[in-house]
Amino acid sequence: MDMNPKFSGYAHPEALVDGDWLQQNLNAPGIRIVESNEDVLLYDTGHIPGAVHIDWRGDLQDNTVRDYVAPERFAEVCSKNGITPDTTVIFYGDKSNWWSSYALWAFRLFGHTKVKILDGGRDKWKAENRPFTREKPSYPRANYPVPPKRFDKEIRAFFDETLAHTQARKPLIDVRSPKEYTGELTHMPEYPQEGVLRGGHVPGARSVPWKIAANEDATFKPADELRKIYTQDLGLKPADNIIAYCRIGERSSHTWFVLTYLLGYSNVRNYDGSWTEWGNRVRSPIAKGEQPG
Amino acid sequence: MGAYPPNLTEIVDFFDALSGDEKRENLIAYADAAPACAPKTGERFDLEDVRKDEECTDTVGVFLRVDPATRAAHFRINLGPHVQTLTKAMTAILCKGLDGATPEQIMGMEQDFVPRIVGGQLIRVRSQTVYYILGRIKGVCKVWLNRERAIANGG
């Protein structure tokens, strides 16, 4: 089957699949379809046939330390879903693939590199009247080896690193909505407050909402449009040391995926502590208003 | 732990005894039933409150009718298509569980029953809208009680 012509413009076209391809390859060997959503019960209401559910919080996070699960736990999540290091994991989900991007990024943290995203995610699959089922698949247990390391240094930024970044005036991207950036809102539009004491942004961060990279049907914008946004207008160079953040790291995972896989930027990190850490942290500097500061 | 209307108590006790997976299955069954909670053609209400709030992803309409003789409240709730599944489930649960309770009973209810129904694993910051429908129901009851008080005072 021919590749979606839109994908050929991306730096890593192999990182995306479209609905036509996926529907014809639901039972292909060596792949596992993974749904990750914000709506915690959405998978149960119906999912792509053969897809398993990986919960961004229950499966990937350790909330006792606000970190990701231990490598042993990650290996168990994969093993119970029949995933090996050779399995190509195809992620999709709600909210224009926020959480599937986040899950993909978390898989990359543990060194799993065979990852793809369904362009348009769950919403487009549904809009195209493709099949859903409530039948939960069962796969033979795999034996995923415990990852020897986590790739935090490569693709994840922590508070201190982000602070150093702002002090050195290195590229920071705030992907939240404009009013969250200016400090007018301390919550996302249409969402409850997530416990942030201050509004504003990390000094020096440029406002580039995640949504600017997505079409209305939740697909990613074509490569030339993305290059205009990030390379031309924002002036980011492919080798720049870039940190993206939002409130808790899911929207910035979307932007991380765009920069890393679709535009081929080589040094992009996601600050998953994001505004819920930065906005509350004692002595962390903030800027307010429309200017980076 | 507060006292709940009898129908709701029955639902809470039922969910309390379920495992996590069973809770999920039953929440999906309730979510599937949410469209049936919408107003039916020809129904009349004492109060209608339809709006899109900042903290919810879509429009929610709450419709209240109170039986003048018994003060029993009856609710209909209309949900926009983008509300989360837990919100849909809670809508069906509350329409059934609060049916027949008085506005005063509803206003006096605490919301500590929600985790007993949903379970700790599914309650997260992003899922706080499970409390939203109850808030909207209480809001419409409060308006109804204020209006009744005003009428009694000759307003």
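Protein chains get the first letters and strands the later ones, always in sequence-line order, with residue 1 at the start of each. Worth saying up front: this structure is predicted, and the values here are computed from it rather than measured.
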J.: Would B:Asp49 and B:Arg136 pass as an ion pair if we require N to O under 4.0 Å?
T.: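 Yes, this pair counts.
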J.: Using only non-hydrogen atoms and a strict under-4.5 angstrom cutoff, which residues of residues 44-52 of chain A touch chain B?
T.: A:Asp44, A:Thr45
J.: Can B:Arg116 and B:Asp16 be counted as an ion pair, charged N to O under 4.0 angstrom?
T.: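 Judged by the 4.0 Å cut-off on N to carboxylate O distance, B:Arg116 and B:Asp16 do form a salt bridge.
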J.: Report yes or no: is the cationic atom of A:Arg150 (NZ for Lys, CZ for Arg) closer than 6.0 Å to the six-membered ring centre of A:Tyr68, at no more than 45° off its axis?
T.: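 Verdict for A:Tyr68: no cation-pi partner in A:Arg150.
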J.: Can you tell which of A:Tyr245, A:Trp275, A:Tyr271, A:Trp278 makes a ring pair (Phe, Tyr, Trp, His ring centres under 6.0 Å) with A:Phe159?
T.: A:Trp278
J.: Assess, by modelled atom type and distance only, whether the side chains of B:Ser19 and B:Asp21 contain a donor and an acceptor separated by less than 3.5 Å.
T.: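 B:Asp21 and B:Ser19 do not have a side-chain donor-acceptor pair below 3.5 Å.
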J.: Ion pair present between A:Asp59 and A:Arg73, side-chain N to carboxylate O less than 4.0 angstrom?
T.: yes
